[in-house]
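Remarks on the structure that follows.
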Amino acid sequence: QVQLVESGGGLVEAGGSLRLSCAASGSIFSINAMGWYRQAPGKQRELVAIIPSSSSPDYAEFVKGRFTISRDNAKNTVLLQMNSLKPDDTAVYYCRVWVVTTPLRLPGNYWGQGTQVTVSS
(Lines give C-alpha, C1' and ligand atoms only; values in the text may rest on other atoms or scores of the structure.)
Protein backbone atom coordinates (compact mmCIF):
# COMPACT_ATOMS: atom_id res chain seq x y z
CA GLN A 1 0.00 0.00 0.00
CA VAL A 2 0.96 3.61 -0.57
CA GLN A 3 0.13 6.51 1.69
CA LEU A 4 0.20 10.19 0.79
CA VAL A 5 0.36 12.89 3.43
CA GLU A 6 -0.28 16.47 2.43
CA SER A 7 0.50 19.64 4.34
CA GLY A 8 0.77 23.37 3.84
CA GLY A 9 -2.74 24.59 3.15
CA GLY A 10 -4.33 27.49 4.97
CA LEU A 11 -5.78 30.96 4.75
CA VAL A 12 -3.93 33.70 2.92
CA GLU A 13 -4.76 37.13 1.54
CA ALA A 14 -4.88 37.76 -2.18
CA GLY A 15 -1.39 38.26 -3.53
CA GLY A 16 0.13 36.05 -0.88
CA SER A 17 1.94 32.74 -1.11
CA LEU A 18 1.61 29.20 0.17
CA ARG A 19 3.64 26.06 -0.31
CA LEU A 20 2.00 22.64 -0.39
CA SER A 21 3.87 19.44 0.29
CA CYS A 22 2.91 15.81 -0.35
CA ALA A 23 5.03 12.93 0.90
CA ALA A 24 4.56 9.38 -0.34
CA SER A 25 5.44 6.33 1.74
CA GLY A 26 4.80 2.61 1.80
CA SER A 27 5.41 -0.05 -0.83
CA ILE A 28 7.22 2.12 -3.37
CA PHE A 29 9.53 0.67 -5.98
CA SER A 30 9.58 3.81 -8.10
CA ILE A 31 7.46 6.90 -8.72
CA ASN A 32 6.49 8.05 -12.18
CA ALA A 33 4.52 11.29 -12.41
CA MET A 34 3.50 13.41 -9.44
CA GLY A 35 0.81 16.05 -9.65
CA TRP A 36 -1.54 18.47 -7.95
CA TYR A 37 -5.25 18.83 -8.58
CA ARG A 38 -7.86 21.08 -7.02
CA GLN A 39 -11.58 21.08 -6.48
CA ALA A 40 -13.58 24.18 -5.66
CA PRO A 41 -17.12 23.94 -4.21
CA GLY A 42 -19.61 22.96 -6.88
CA LYS A 43 -16.91 22.36 -9.47
CA GLN A 44 -15.15 19.34 -10.89
CA ARG A 45 -11.67 18.39 -9.83
CA GLU A 46 -9.11 19.85 -12.21
CA LEU A 47 -5.43 19.44 -12.91
CA VAL A 48 -3.19 22.20 -11.58
CA ALA A 49 0.30 20.93 -12.39
CA ILE A 50 2.09 17.68 -13.09
CA ILE A 51 5.74 16.71 -13.09
CA PRO A 52 6.84 13.50 -14.81
CA SER A 53 9.83 11.52 -13.62
CA SER A 54 12.12 12.58 -16.45
CA SER A 55 10.67 15.51 -18.34
CA SER A 56 9.54 19.06 -17.81
CA PRO A 57 6.50 19.89 -15.69
CA ASP A 58 3.24 20.99 -17.21
CA TYR A 59 0.81 23.56 -15.82
CA ALA A 60 -2.80 24.49 -16.24
CA GLU A 61 -3.13 27.77 -18.07
CA PHE A 62 -4.69 29.49 -15.07
CA VAL A 63 -1.59 28.98 -12.87
CA LYS A 64 1.22 29.47 -15.36
CA GLY A 65 3.72 32.02 -14.10
CA ARG A 66 2.33 31.88 -10.55
CA PHE A 67 2.71 28.27 -9.37
CA THR A 68 5.79 26.05 -9.48
CA ILE A 69 5.76 22.30 -9.05
CA SER A 70 8.88 20.43 -7.99
CA ARG A 71 9.81 17.04 -6.61
CA ASP A 72 12.41 15.60 -4.27
CA ASN A 73 12.95 12.04 -5.42
CA ALA A 74 15.08 11.13 -2.42
CA LYS A 75 12.16 11.97 -0.14
CA ASN A 76 9.34 10.86 -2.47
CA THR A 77 7.89 14.33 -2.09
CA VAL A 78 6.16 16.73 -4.46
CA LEU A 79 5.87 20.44 -3.70
CA LEU A 80 3.65 23.16 -5.07
CA GLN A 81 4.83 26.73 -4.56
CA MET A 82 1.88 29.05 -5.06
CA ASN A 83 2.54 32.76 -5.49
CA SER A 84 0.31 35.70 -6.37
CA LEU A 85 -2.69 33.81 -5.08
CA LYS A 86 -6.16 34.92 -6.12
CA PRO A 87 -9.58 34.30 -4.52
CA ASP A 88 -10.34 32.03 -7.50
CA ASP A 89 -7.55 29.72 -6.30
CA THR A 90 -9.65 28.82 -3.26
CA ALA A 91 -10.18 25.06 -3.33
CA VAL A 92 -9.19 21.77 -1.77
CA TYR A 93 -5.86 20.76 -3.26
CA TYR A 94 -5.04 17.08 -3.78
CA CYS A 95 -1.79 15.46 -4.71
CA ARG A 96 -1.81 12.48 -7.03
CA VAL A 97 1.11 10.15 -7.50
CA TRP A 98 1.73 7.32 -9.96
CA VAL A 99 3.61 4.61 -8.10
CA VAL A 100 5.19 1.37 -9.23
CA THR A 101 4.93 -0.98 -6.26
CA THR A 102 6.25 -4.09 -7.99
CA PRO A 103 8.98 -4.16 -10.67
CA LEU A 104 7.75 -4.60 -14.25
CA ARG A 105 4.18 -3.82 -13.24
CA LEU A 106 2.16 -0.83 -14.40
CA PRO A 107 1.97 2.07 -11.93
CA GLY A 108 -1.10 2.61 -9.84
CA ASN A 109 -2.27 6.10 -8.97
CA TYR A 110 -2.91 7.31 -5.45
CA TRP A 111 -4.57 10.41 -4.03
CA GLY A 112 -3.76 12.47 -0.99
CA GLN A 113 -6.43 13.39 1.53
CA GLY A 114 -6.65 16.99 0.35
CA THR A 115 -5.68 20.26 1.96
CA GLN A 116 -7.80 23.41 2.03
CA VAL A 117 -6.45 26.59 0.47
CA THR A 118 -8.51 29.72 1.07
CA VAL A 119 -7.58 33.04 -0.48
CA SER A 120 -9.36 36.09 0.87
CA SER A 121 -9.94 39.22 -1.17
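For reference, positions follow the sequence shown, starting with 1.
Nearest heavy-atom pair across Gln116 and Thr90 is NE2-CG2, 4.0 Å. The nearest pair of heavy atoms linking Val100 to Thr102 is CG1-O, 3.2 Å.
The structure places CH2 of Trp36 at 14.0 Å from CZ of Arg96, a figure rounded to the nearest 0.5 Å. To the nearest 0.5 Å, atoms OG (Ser84) and CZ (Arg66) are separated by 7.0 Å. In this structure, CG on Asp72 lies 9.0 Å from CE on Met34, to the nearest 0.5 angstrom.
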Quick one: side chains of residues 9-33, donor-acceptor pairs under 3.5 Å with protein atoms, not counting sequence neighbours, listed by atom name and distance.
from: Ser17; atom 1: OG; to: Asn83; atom 2: OD1; distance (Å): 2.9
from: Ser27; atom 1: OG; to: Gln1; atom 2: N; distance (Å): 3.4

For residues 39-47, dump all side-chain donor-acceptor pairs below 3.5 Å to protein atoms at least two apart in sequence or in another chain.
from: Gln39; atom 1: OE1; to: Arg45; atom 2: NE; distance (Å): 3.4
from: Gln39; atom 1: NE2; to: Lys43; atom 2: O; distance (Å): 3.2
from: Glu46; atom 1: OE2; to: Arg38; atom 2: NE; distance (Å): 2.9

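In this structure, Phe62 and Asp88 have side chains that are not in contact, with every pair of non-hydrogen atoms separated by 4.5 Å or more. The shortest side-chain heavy-atom distance between Met82 and Val117 falls under the 4.5 Å cut-off. Val99 places none of its side-chain heavy atoms less than 4.5 Å from the side chain of Pro107.
With sequence neighbours left out, the ring pair (Phe, Tyr, Trp, His ring centres under 6.0 Å) criterion links Tyr110 to no other residue. Listed by chain and residue number, Ile51, Tyr59, Ile69 satisfy the side chain to side chain contact (heavy atoms under 4.5 Å, CB included) test with Pro57 (two or more places apart in sequence, or in another chain). Every residue two or more places apart in sequence or in another chain that forms a side chain to side chain contact (heavy atoms under 4.5 Å, CB included) with Asp58 is listed here: Ile50.
Follow the hydrophobic side-chain contacts under 4.5 Å out from Tyr37 and you never reach Leu80; the two are in separate clusters. In terms of hydrophobic clustering, with Ile, Leu, Val, Met, Phe, Trp and Tyr side chains grouped at heavy-atom distances under 4.5 Å, Trp98 and Trp111 are assigned to a common cluster. Placement of Tyr94 and Leu79 in two distinct hydrophobic clusters is found when ILVMFWY residues are connected by side-chain heavy-atom separations under 4.5 Å, directly or transitively. A continuous path of Ile, Leu, Val, Met, Phe, Trp and Tyr side chains, each step under 4.5 Å between heavy atoms, connects Leu85 with Val48, placing both in one hydrophobic cluster.
For residues 51-84, there are no disulfide bond (SG atoms under 2.5 Å apart) pairs, not counting sequence neighbours.
Here the side chain of Arg71 pairs a donor or acceptor atom with the backbone of Pro52 at under 3.5 angstrom.
Relative ring orientation between Tyr93 and Phe67 is described as tilted, the plane-to-plane angle lying within the 30° to 60° band.
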